[in-house]
Structure formats: structure tokens, C-alpha cells
Amino acid sequence: MVDEGTLKALEDKVAELKRLIQQDGLELSEELSLLERKLEELRREYFAKLSDWDRVKLARHERRPTGIELVEKVFDDFYELRGDRLLGDDQALRGGLAKLGGKPVVVLFHQKGRTLEEQRRYRFGMAGPAGYRKAARLMGIADRLRLPLISLVDTPGAYPGVEAESHNIAGTIARSIETMLSVRAPTVAVIVGEGGSGGAVAIACADRVLMLEYAIYSVISPEGAAAILWKDQKATPKAAEALGLSAPKLRALGVIDEVLPEPLGGAHTDPDATADTIREALMRHLDELFSLPLDELLALRYKRYRDVGSYREIETGSFLQDL
Amino acid sequence: MVDEGTLKALEDKVAELKRLIQQDGLELSEELSLLERKLEELRREYFAKLSDWDRVKLARHERRPTGIELVEKVFDDFYELRGDRLLGDDQALRGGLAKLGGKPVVVLFHQKGRTLEEQRRYRFGMAGPAGYRKAARLMGIADRLRLPLISLVDTPGAYPGVEAESHNIAGTIARSIETMLSVRAPTVAVIVGEGGSGGAVAIACADRVLMLEYAIYSVISPEGAAAILWKDQKATPKAAEALGLSAPKLRALGVIDEVLPEPLGGAHTDPDATADTIREALMRHLDELFSLPLDELLALRYKRYRDVGSYREIETGSFLQDL
Amino acid sequence: MPIWKDEKKKNRRDYVEVTPSRAEDLWLRCQSCGELVFRKKLAQNSYICPHCGAYFFLSAEERIASLVDEGSAADVTAPLVANDPLGFVDRKPYPDRVKEAQRETGLLDAVKVVEARIEGHPVVLAVMDFRFIGGSMGSVVGEELCLAMERAIELGVPFVLVAASGGARVQEGVLSLMQMPKTVLVRGKLARAGIPYIAVFTYPTTGGVLASIASLADITLAERGTKIGFAGPRVIEQTTKEKLPPDFQTEDFALARGMVDRVVRREELRSELGKILSLLDGGRYGG
Amino acid sequence: MPIWKDEKKKNRRDYVEVTPSRAEDLWLRCQSCGELVFRKKLAQNSYICPHCGAYFFLSAEERIASLVDEGSAADVTAPLVANDPLGFVDRKPYPDRVKEAQRETGLLDAVKVVEARIEGHPVVLAVMDFRFIGGSMGSVVGEELCLAMERAIELGVPFVLVAASGGARVQEGVLSLMQMPKTVLVRGKLARAGIPYIAVFTYPTTGGVLASIASLADITLAERGTKIGFAGPRVIEQTTKEKLPPDFQTEDFALARGMVDRVVRREELRSELGKILSLLDGGRYGG
Ligand SMILES: [Zn+2]
Ligand SMILES: [Zn+2]
């Protein structure tokens, strides 16, 4: 069975060959095309029977394009805005103005960082109170200026720390949700990597929620679920399966509106194509939303979130007998 | 000429006599009435030619009733609410729910403290970002629940400190002003002691602004003005005169709506009577404001603050010649 | 298991039990002083040990009884039962877990909603029950809270939420995460209708419930002995290697940081709510 | 007098002059490198010393020239002059002070308002002038800012404020304090009209101006070398006996604490504003 280690080794080899051909002008094109065919084959095999745990690993892939990389490819311009006007500027959750198809938009995104130093500085995309307050501030700009709000979600979750708890991280997430739901302009969220729990939902309460094919969106990390529910770290892949965190499953549940296909091999194998897909989808959904008058837009949003959930009504009498 | 030292000495003597009579049952009522007559006489003399600097000293009088003392006397109940949901709870600016004439209200007030320990804890009524954020939070409750908002202002100013600047004290004052101006219910502010600059105006942008007779309201402390404008600390009384900080002068300017008379000798000589005056005035103004429909209330508020200021229009041509 | 104990003051009253008792036990043993207490007697005393003052664990029903005027509560919990949208199985299938919890608690899910009076004031009161899968918020809890708020709007009476929750209902996946925007949305409707909303944080108020509906009340009380926080201490220590302060996520920690309006002893909770409700009573501005 | 100098980097470009020059001088001496610079040449270089990169002091007029497209500015400052509501006399009468400042600056008061274009984008631009009684906000400044915002609403173009203020106009007493709610009020109208508001903090942005209109922009830029704070360092040290950090109330201090969106070098301010304005251009949601 192909595993991600084999894949990665082959990917590295292909990359190395390409480098040699380009840099040193070596005549290795035959070897390259051979390897590329092999890689393609293995990928097909691997992606044909992708487990949800494989998807988690893809969503967390070290080469997966990060927030800022996607933002720069998806949007025509990006002008970063900083600070929550009180606590500071949290670089784990960034945002600013941008253009999309000639239209001004407000963008929010988690930033995980690629290098170790970046990851430390961005705390792997785990934002704290200043981050969620900044998010709410930028949502306020979108609201006042009637600019569409677009968020790219990629976080393991909100930052769990003493400082964060001291500044009411929970309350700042609640305010972020409240503010996002009240923006008087179209809102679209795209889960592009990890959609980790409250830290994700804080900027994902949009009119349309899209999701990259190999992104995940989950109420808890598979590791956390394994520890709490299975009391066994080895149950992590099983937990990933159970949590229903994959894009197709969430689409089936109606939690997300559209799965955005990734290149075979995942977004990191072709960030440009991935960005193109995101851009095309954003423009399509924004076009639809722009055609709605404000009261209808808000009514649809209200209905979407008011009605979410899965339960059934029973007759209490019979229920009590059942127990 | 009578000065406040002579007055205070006599006040202390009267208090001592009263104590002796009550506690030890000594027969000193004749001496007491003699002294009281003398005190009354001196007070009349002193208050007849009260300078603005005298008023400053009265407004800062160590026995002047503090915020919480007035709140407990003016309102039927007071239920304190705490915290800004982010930074902490600033006890220099307090607030909560209360009743006034059977009607629920939201109350805000600066708290200076009486004992040294209290003064340290309350920073002499100088609130920081957490205080002004709490104020805005409570204004939000008044807004949502359509409860009248009443503020009692008594502060030397916002707290000037590194921590306060680090958490954007200026921005929190601006937000407090913004929030107070948008409360969808009647608002009344009473300057009861010191109305010190931005720290005062942050909770004083009301539909009606009342002022105790010997309270002050100023853009800068007389000491500060003396230092900056006169470059001479001895000019402080002169600065107090120049700044127009007294209730009658501010009434004449139209900045405040009503001067609430204090007992002869100042609020501290009869806190109960002072509280009665405040209560009566609050109820009268609230009655008037309650009779207005919301759009009219907000329109009047808008007009009041849109039109405030003193300037004249000129013909630019002639102006340039004048220079 | 004690979760709050003021060691310095040797104050046994600050001991809180977090392990539910079995509903069928008529006598309960106080885990603080070891005495056996008659359940009925305990109920009359807000479930506070008459011997040592320790707080016993409260079910939703017991909590309601301890807060509302006798005989005033009408159960309006909607007859809703959780589906199993994910076909979730951990060590047991989710439907079995739900059924077990139902059997144990007599509740349909982790919240009970009543129309009642508190010291004479009519309210819609929603009380979460920690016994039911850790008071976790899934689709049913989310819907019940929304229906409760909508009922409060309809009746024009204050909404009171007694929170007790470990967070989101993991077994419903992202659908339980969605209960965060859902409840926040309807809280917005409540606010626009000018209906007061009072939250009481009891043991424990954490995770997704704290990061949505619970944090958005007009007035927030914390019961003495509760735990208030977004992330669990173990997660924090594992992720950040930080040493946690001794009072971390206690009610006093929250009060000092401006997160709650008051810390209230259990025996005073009812009168405290009564005070607030009476202060909100009377002619508001109708302009 | 230098107010900002990056000692570590020995970067002379970070030197900012805060003493105004006399308008009649054709040649100005750079206080950083000592060179004499021809004023016209300086103007073409955003008032940055061509020899060492130091920032010269900017009047409102010079600031406007450095920001807007050549020939695009129409002065729309209302012909308003301060009254003397208090009959204020310190070392000299307030009316004399005003007249002096008018003579010195050619301005009616501490703000100049123009309709102009910045890199092609129409704006209403209000620029404060620190030479005019320390850029203090009295009745005239308050009214001019309100009129400017109302003009932006009327024209449907962004409002840009270049702040430079020591705070409230002390000589007008509480009336100048009242300019805080006044400007905040009209900023609210601007927001409801969906008009973008960009603030630029230049040396210095402090006191009552910072605590009202300046703090409420959608987007806030800080010019390199500015000073941003509510209370003066001397007041803070006297009141609290605190030792102030070396970067206290600098633009980097403000940026690190989330108070501004960007720190921008003077030579980039115009293109930076152009970028923002162009990003706000185009079809917004009109639903
Ligand atoms: Zn006991
Ligand atoms: Zn030079």
C-alpha cells in the first residue's frame, strides 16, 4: 500500500531531478518523465483510497500553501491592516483590503507560517484574543463600507494559553461570530487547511462556506478525540474517520456549500491551480450574493444558521417508555 | 477675609461639640448654637465671594461625597456590574443597575475613594481602558434594554500611565463617547465633583448635562493650565478663573443645562440634601425625556452636539486685510 | 472530587462536588465531611451540606428547584432527540450514549427549559445538565436554547441561562460547532427585542458554550466553585508548556479579569437573580 | 529638535524636525546635517532633506502639496474664526494669540480642508497644522472637521484626516472638550453613509483629538517619527512615578500595541494612500 512517506520521497526525487535539469543543464528528461509517470500512478493509487486520517495529514502538510501564499495568488492586491486597537497585533490571524475581479473586498485568514521561526511567531496559526478582536474590527469595516468579507480558514484552533484565557479568548470568539453574522454585505468562508474548532468557526460563519477538497473542518482534533473518547492515542485515525471532518462528508451534511477540487496530490503540488480554483469559486458565489438585496441576504443567512443541526421531534410519552 | 482653613477649623469644632453632646451627654447646646451661628455667618461671607479656585477646592474637598455615597443616596437600589470582559474590572469607574422613582436605570460613576487605601485602589477616580470599556459595555445594556443611562462624573481625568497608554486609553475614551451618543434611551450626566477633561467627557455626552453648584468641569486642571500657559505654578488660581470651569459660567455658555444648588457650605455639609437635589433633578429631566419619541430624542441629541462651539463666519477678503 | 477549596481559610463551605449522585439514592454521603444527608433535606438547603456547607452536585431539575418559586415552573423543553448524523462510534455508538444519558438523567438532552418565576418575576429559564454527556452542546441543546430565547421574546420576559458545559458535543462533529453561530444569532434577535439575558456560570462553563451564547449575556454571575475557561488546563500545558497560576480558570480569576459581574454563593443565587430581575422591572423607555 | 532617531541603525533618515520654519525663508537649514536646502527643492522631495534624509517640519499647506495630485486641491476650508467665549487671557489674550497664529500661518485656524485627488482618487482631505496653537482642537477645528465629513458624505468620496495636534484648545475651555463628542457624532454619520475614513497620525497626535475623531478611522497610518499618546510623558511621570519605556508613544510602540495599521515613511505616504483608495474603489455591495 502506498503511504504518504513513499509519495513524499518520490515527490522529492522529482523535484531534485527538475532542479538538476534546470540548474546544471543535465540531460535527464527521460528519467524525469519516467519518475513523473510513476509518481502520478502512485498518487492515483493513494488518493483513490484516501482515508480521513490521510486527509488530516494532507491538510497539515508542511508544504501546503499557507494563508498569505493563497491570498497573494487569489487576490489582485492585498493591503494588510493590523491591530485590534487594544491588545496588539496577532499575526496568527491576519487580514486587510484586497481586490477580487476588480471588486474591493475585506480578507481575513489564519497564518500558520512555513519556517520554524514563522511558525513560532504565528503560533502555527493559533490566534488569541487580539487576533479575534482584529477579525471583528475588520468585519466592522466590511459592514460599514459594504465590502464583501472573505475568510480563508487554516488553524488548529484558538491559542490555548494563560494570556489568552486572561483576556477572555472565549468572549472574543463569541464577539467575532456575532460580528460576522451581522455584516451587511456578502460573506464567504473557505476552509483551506485545518478548520480547527472554535478558532475556525469564529471567522467561518459566512453566507457561503466552501472547502478545499483535502482540507478538514472539525469540532476537535482527531488526537484530542482519541484521547478523550477512546482514551487511546492510537485511535487517532479511527477518530479522524468518525469525526466526519472531510469535505465530502461535510458537503453531504450540508455544513459546507461546495467542495473545491485540489490538484491530484494536494494543493501543495500546484498552489497556482489551487488559487485559481478558489478565485473562480469566490467570484461565482459573490456574483450570486451580490444579486440579492440586503434584506434577502440577511434573511437567508439567518435561516442558514437558525436551522442548522440534526435532531428529531418525538412524542414524549412513547420516548419515556422506550428508555 | 475668611479662608477655607478657618471654615474647616470651625466645622471641626461644631462636629466635636455635637459628638460630645451625643456621646457624653454634656450640656453644651448653648455653646453649640453659638458656634453654629458663627459658622453660618462665616460661610455666608465665604460663599458670597467664592472664587473659581475656591470652587476647585470645594469640588476636591476631602469630605465631598464620593460617587458611591451619592449613588446609594440618590437611587433606591444599586446593583454593581463589573468588568469589561477583556482587561479586568476598573474600580475608578463603576456602574450597574439601579432604580429611580420606580424606574430601572443604568448608572455609571467615577469613584475617588475616601480613605487613603481606597484612593490608591480607585486611583483617585482616574479610570483606565478597562474602566472606559466597562462604561461602554454598560451603555450597551442601556441601549439594548432601553434603560435610561445616568452618569455621575467626578474625576481628575483619565489615568495617565504606561499601562493605560499601552491599552489605547485614548481609543477607549473615543469608543465610550461614540457608544454614549448612540444609546437609544434618555441619558443624563451630572457633574458632581471634578469633571476632568477627556476622562469626564467620556461618560458625560448626555441628552442633559447637570452640574452641582460647586462642581467644576474643565478642559485641563488649573495646575496644568498654569504650568503650560503661564509657566508659573502660582498662576493656578488665575488659571482656574480663566478656564471658565464653574457651574454658573458653564450654564451661561450653554454647555450644561442646569445648576443644582448645594447646601450652604457645600455638598459635604449635607450629603442627604445634595442627593435629594440630584434625585429630584434627575427625575424631572428623565420625565421630560421619556415623553419624547426615540427619533426626536436622537435628533435633539444630534443637534445638541453637532452645534456645540463658538465661532463666527467672516468674509475671507476682509479677514486677510486685517492681519 | 473537590474542585474548589479555600485552603487558607479552611472554609469547608467552598467545597464543591462535581460527581453526580444517582437519582434513586435517598441518602447522599457528603464527600467533604463524610456525613450522610437526607436528600429531601438537602433539597431544602439548595443542595448545600447542612453539616459542613459543601456544595453538592446539582442536576438541572435540582438546580431549577433551587432557583424558582415553588410550583411556578412549567417544563417547556421541546420534545427533541439527537440524531446520529455521523453514525458516530467511539467506544460505544453515539445513540447508545444518548440513550444511557437519557436513562440516567430522565432528560432528553443536556438542557431543560422552563417557564417559571424567580422571586415573583416571570422568566424563561434554561438549565444545562452536566450529567448528560458533560453538558455538551449538540444540535438539540442548540435548538432548545434558541427556542427558549424565542419563547422569552414572545412572552416579553427575561431569559436566564444556567450554563454547565464541557463544550461542544464531539459526537455530532461540525454540526455541534454550528450551534455556536446558531445560538449567537438568536441571542442577537433577543437583544434587538430588548429582552434582558442573564447568564449564570456553574461548574463547569467551558469550551464552545463559553465561546458563544454564554459569553454574550447582559449580566453574568458565576457560582462560587465554578470553572470558567475556553481551553482545558491539560491542553494548555501540553501546547504551551506554561505553568498555570493556582487560581487559573476559577471564578475569582474570571472576576479579576472582568469576565463576570459577580461571584455568588449558591445559597444566594436565587435572591441575587431576584434582585436583578426586580431592578429590570418597571417602566422602560418606550420612545 | 529631533524627536525620533534610530540610534542603533545610525539612520539619519529617521530624524524629524518639529520646529516650524518661517514661511518667508527661501533657504532652510537642515537641523540634522546642517546643510542649507532650497525650499522649492525640498517641496519636490516631500520635505525630506536631499542630503541626509531628515524629515523637515510640514505646514498644512506643505503637507497637502506633498499628498495630492498637482493642481487638484480646491480649498474648501470654511471661513470660520474662533470667538473668545471665555474672555481668556493668560500671558496674552486669546484673540491676540489667534491673530498671531493666523498671521504666522496664513490659516484661519489649525486645520485646512481641501477637495483633492490622491493618485487620481477624489477625497475630502483635512490636514491639521501644528503651528497654529499646537494644532489644538477648538470650536473652529471641530466645526471644520464636521463640515469636511459632511462634504465627504455629500460627494460620496473618502475622508482623509492628517492629524497633528497637541490636544484640546485650552483657551476655549469646556467648549473645546465638546468638540470631542461633536466630531465623534459626525463620524458616526459618515460611517452610516458608508464613506471610508482614513486617518494619518503625524507629529504629534495626542490628547483630545486622539481620544475622539482620530481614533475612530477605518484605517490608520502613522507617519514615521510621529508621537501617539493620550497623556504627556511629563504628566505620566509626575502622576505615576513610572519609568517610561524608551519607545514610549512612538509609532512603533503604537503599532506593536495594535493602535495603528501601518507605519509609513513620509516619502511613501502618498502612494500608500493611493493604494488604499484604489483598493476601496470599485463596485461595492449595494443590496
Ligand atoms: Zn458535609
Ligand atoms: Zn539634512
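Letters go in sequence order (proteins before strands), and every chain restarts at 1.
- Under the 3.5 Å distance criterion, the side-chain polar atoms of A:Arg85 are left unmatched by any main-chain donor or acceptor of D:Leu216.
- Neither the backbone nor the side chain of A:Glu296 has a heavy atom closer than 4.5 Å to any heavy atom of chain D.
- When all heavy atoms of D:Glu272 and A:Tyr79 are compared, the closest pair comes out as OE2-OH, 2.7 Å.
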Step by step, work out the side chain to side chain contact (heavy atoms under 4.5 Å, CB included) result for D:Lys275 and A:Asp77.
-> CA-CA 9 Å; D:Lys275 244 187 269 175; A:Asp77 282 297; over 6 Å; no
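- Of all the heavy atoms in D:Gly282 and A:Pro104, the pair that sits closest is C-CD, 3.8 Å.
- For a residue to count as touching a neighbouring chain, one of its non-hydrogen atoms must lie under 4.5 Å from one of that chain's; by this rule D:Ala191 touches chain A with backbone and side chain alike.
- Here the closest heavy-atom approach between residue D:Asp281 and residue A:Lys99 is recorded as O-NZ, 2.8 Å.
- Residue contact with chain A, scored on non-hydrogen atoms closer than 4.5 Å, involves the backbone of D:Ser278 exclusively.
- When heavy atoms are compared at a cutoff of 4.5 Å, A:Leu87 approaches chain D solely by way of its backbone atoms N, CA, C and O.
- Neither the backbone nor the side chain of A:Leu286 comes within less than 4.5 Å of any heavy atom of chain D.
- In this structure, chain D has heavy atoms under 4.5 Å from both the backbone and the side chain of A:Leu145.
- At distances below 3.5 Å, at least one donor-acceptor pair connects side-chain atoms of A:Arg137 with backbone N or O atoms of D:Asp218.
- Of all the heavy atoms in A:Asp89 and D:Leu255, the pair that sits closest is CB-O, 4.4 Å.
- Crowding of A:Arg284 atom CZ: a count of heavy atoms from other residues, nucleotides or ligands under 6.0 Å exceeding 12.
- At most 12 heavy atoms of other shown residues, nucleotides or ligands fall within 6.0 angstrom of atom CD in D:Glu70.
- Under the 4.5 Å side-chain criterion, counting only non-hydrogen atoms from C-beta, A:Arg144 is not in contact with D:Leu190.
- Looking at A:Ala130, neither its backbone nor its side chain comes within 4.5 Å of chain D, counting heavy atoms on both sides.
- A donor-acceptor distance shorter than 3.5 angstrom exists from the side chain of D:Asp261 to the backbone of A:Arg82, with no hydrogens or angles considered.
- Here the CG atom belonging to A:Leu81 is positioned 7.0 Å from the CD1 atom belonging to D:Ile276, to the nearest 0.5 angstrom.
- Looking at heavy atoms from C-beta onward, A:Leu294 lies in side-chain contact with D:Tyr285 at the 4.5 angstrom threshold.
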